[in-house]
Amino acid sequence: MKYLQDLKANARLYKDWILSWRSVPVRPWIKAAQAYRAGNFEGAVELYRKGLKSYPFSPARLNAMLDLSHCLFRLRRFDEAEKTLRQASVVAPNEREVYVRLARLQLWLGHSSEAAWTIRTCLQKVPIDPELVTLFITAVVDGGGSAHLVREARELRQSLHYEPEAFPRLEVARLRLELFSPDIEEEAREALSKLATADRGPFDAVIAFAQVLLQEGKLAYGRHHLHRALAVSPEHPKVLRLLAKSYLENGIFFEPEYAVQLATLACQATGWKGVIEMHTLAQAYVANGDKISGLLIASRAKDMGRRLLGAYPEAQKLEQLIEQLSTGTQA
């Protein structure tokens with residue numbers, strides 16, 4: 001009986017494939033999709049690659065590459081995921097989704113300059129839309145907000161007409177950008193606070209407002225919002241890293257051992273490719289009295305930073321930390 005059920009199910013899958021792609025079904029990709037849905041990402045990776053090798057010119061190859069990159073992301077094989085997306089951009093240079101996924105991967109890793117460049121490239125090929133503007137502004141703000149990029153981000157946003165209620169993530173990005181303007185900074189902060197504290201407020205707003213609170217020294221309140229965010233995305237590197245930073249502040253909240261644990265999780269979530277996460281872990285090690293580990297991680301962060309486009313916003317502080325630890329002075 002099970003054999004007949006499987007046979008009928010496979011027949012339906014093959015029929016759907018032919019209707020969708022008007023081509024010969026690629027059996028490894030059909031099996032890969034089943035593995036994907038079952039959460040067997042390792043198995044799916046092998047099957048997607050097998051199909052790409054055997055059917056390099058299939059009309060479904062772009063979809064297979066996008067699914068492959070997602071499986072690799074879930075396995076934290078970020079280099080391979082990025083390579084797959086770059087290959088997809090060669091196969092389909094005008095496909096918007098390829099650039100969106102690549103930029104999101106780069107933002108997850110904290111590679112904001114790369115993400116900004118990716119969206120810039122995309123906007124040369126496809127029409128502007130709210131998601132692309134959101135990603136670009138996010139990349140600019142996460143990268144420290146250099147003057148020329150802030151100007152470019154503002155011009156891009158102003159060229160797009162949209163209803164804030166319809167695109168809450170873009171509204172969060174806009175408010176984060178306005179925090180760089182002293183004349184409207186307070187107004188932007190208030191609006192961000194309302195978004196972050198609203199029922200089912202945008203995830204991005206919760207993190208952004210928590211970061212503002214930490215910068216203002218309101219550690220307990222900021223940590224409250226970070227724990228809200230962590231409940232939604234337990235492996236988000238930025239949330240883990242900001243929580244770690246909150247435990248490195250002198251005072252009643254100073255817990256360097258916990259900061260090391262959180263920062264380590266943040267580094268693991270980026271596959272040890274997040275410069276700012278490794279910088280935070282180095283600071284946590286130093287605060288915990290482990291200068292050797294601090295120097296090793298700080299040096300690793302510096303080496304990763306050299307490979308990225310643009311400058312790491314806190315590169316000078318990282319250099320100073322390495323110098324202090326190398327000479328044996330107190331960091």
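Reckoned from all heavy atoms, side chains included, excluding hydrogens, waters and symmetry mates. If you're wondering where the values come from, they're calculated on a predicted model, not measured in any experiment. Residues: numbered from 1 along the sequence shown.
- Clustering ILVMFWY residues whenever any of their side-chain heavy atoms sit less than 4.5 angstrom apart, transitively, puts F78 in a cluster other than the one holding V275.
- Ion pairing of E178 with R174 is present here, as a side-chain N (NZ or NE/NH1/NH2) and a carboxylate O approach within less than 4.0 Å.
- Results of the salt bridge (charged side-chain N to carboxylate O under 4.0 Å, His left out) test with E131 over R169, R101, R96 single out R96 as the only residue that passes.
- A 4.5 Å side-chain heavy-atom check between K238 and D142 finds at least one atom pair inside the cut-off.
- At distances below 3.5 Å, at least one donor-acceptor pair connects side-chain atoms of R61 with backbone N or O atoms of S58.
- Proximity of a side-chain donor or acceptor of S193 to a complementary backbone N or O of R189 within less than 3.5 Å is not detected.
- A donor-acceptor pair under 3.5 Å is formed between the side chain of T270 and the backbone N or O of C267.
- Here the side chains of M278 and W272 are in contact, with some heavy-atom distance below 4.5 Å.
- No single ILVMFWY cluster, assembled from side-chain heavy atoms under 4.5 Å apart, contains both V172 and F203.
- You'll find the side chain of Q106 reaches within 4.5 Å of the side chain of L102, heavy atoms only.
- The closest side-chain heavy-atom distance from Y48 to M65 is not below 4.5 Å.
- Checked against the 6.0 Å centroid criterion, the rings of Y247 and F253 do not qualify as a close aromatic pair.
- Hydrophobic clustering of Ile, Leu, Val, Met, Phe, Trp and Tyr side chains at less than 4.5 Å, counting indirect connections, unites I137 with L135.
- Looking only at side-chain heavy atoms (C-beta outward), V206 and V232 stay at 4.5 Å or farther from each other.
- Surrounding CD of Q316 are at most 12 heavy atoms belonging to other residues, nucleotides or ligands under 6.0 Å away.
- Note on I119: it does not cluster hydrophobically with W117, by side-chain heavy-atom contacts below 4.5 Å among ILVMFWY residues.
- No option in L240, L248, T280 other than L240 meets the side-chain contact (heavy atoms from CB on, under 4.5 Å) test with L262.
- Atom CD of E235 sits in a sparse spot, with 12 or fewer heavy atoms from other residues, nucleotides or ligands closer than 6.0 Å.
- Residues L149 and R120 meet the side-chain proximity criterion, which asks for heavy atoms closer than 4.5 Å.
- Classification of R77 and E42 as a salt-bridged pair holds, one side-chain N sitting under 4.0 Å from a carboxylate O.
- Side-chain contact between F180 and V141 is present, with at least one heavy-atom pair separated by less than 4.5 Å.
- Side-chain atoms of Y99 never come within 3.5 Å of backbone atoms of N94 as a donor-acceptor pair (strictly under, hydrogens ignored).
- Using a cut-off of 4.0 Å between Lys/Arg side-chain N and Asp/Glu carboxylate O, R223 and E249 are scored as not salt-bridged.
- Ring geometry for H225 against Y221 counts as tilted: the plane angle lies between 30° and 60°, on a 0 to 90° scale.
- In terms of modelled atom types and a separation under 3.5 Å, the side chain of S54 and the main chain of G51 share no donor-acceptor contact.
- Contact annotation: the side chain of I128 approaches that of S159 to within less than 4.5 Å [non-hydrogen atoms, C-beta and beyond].
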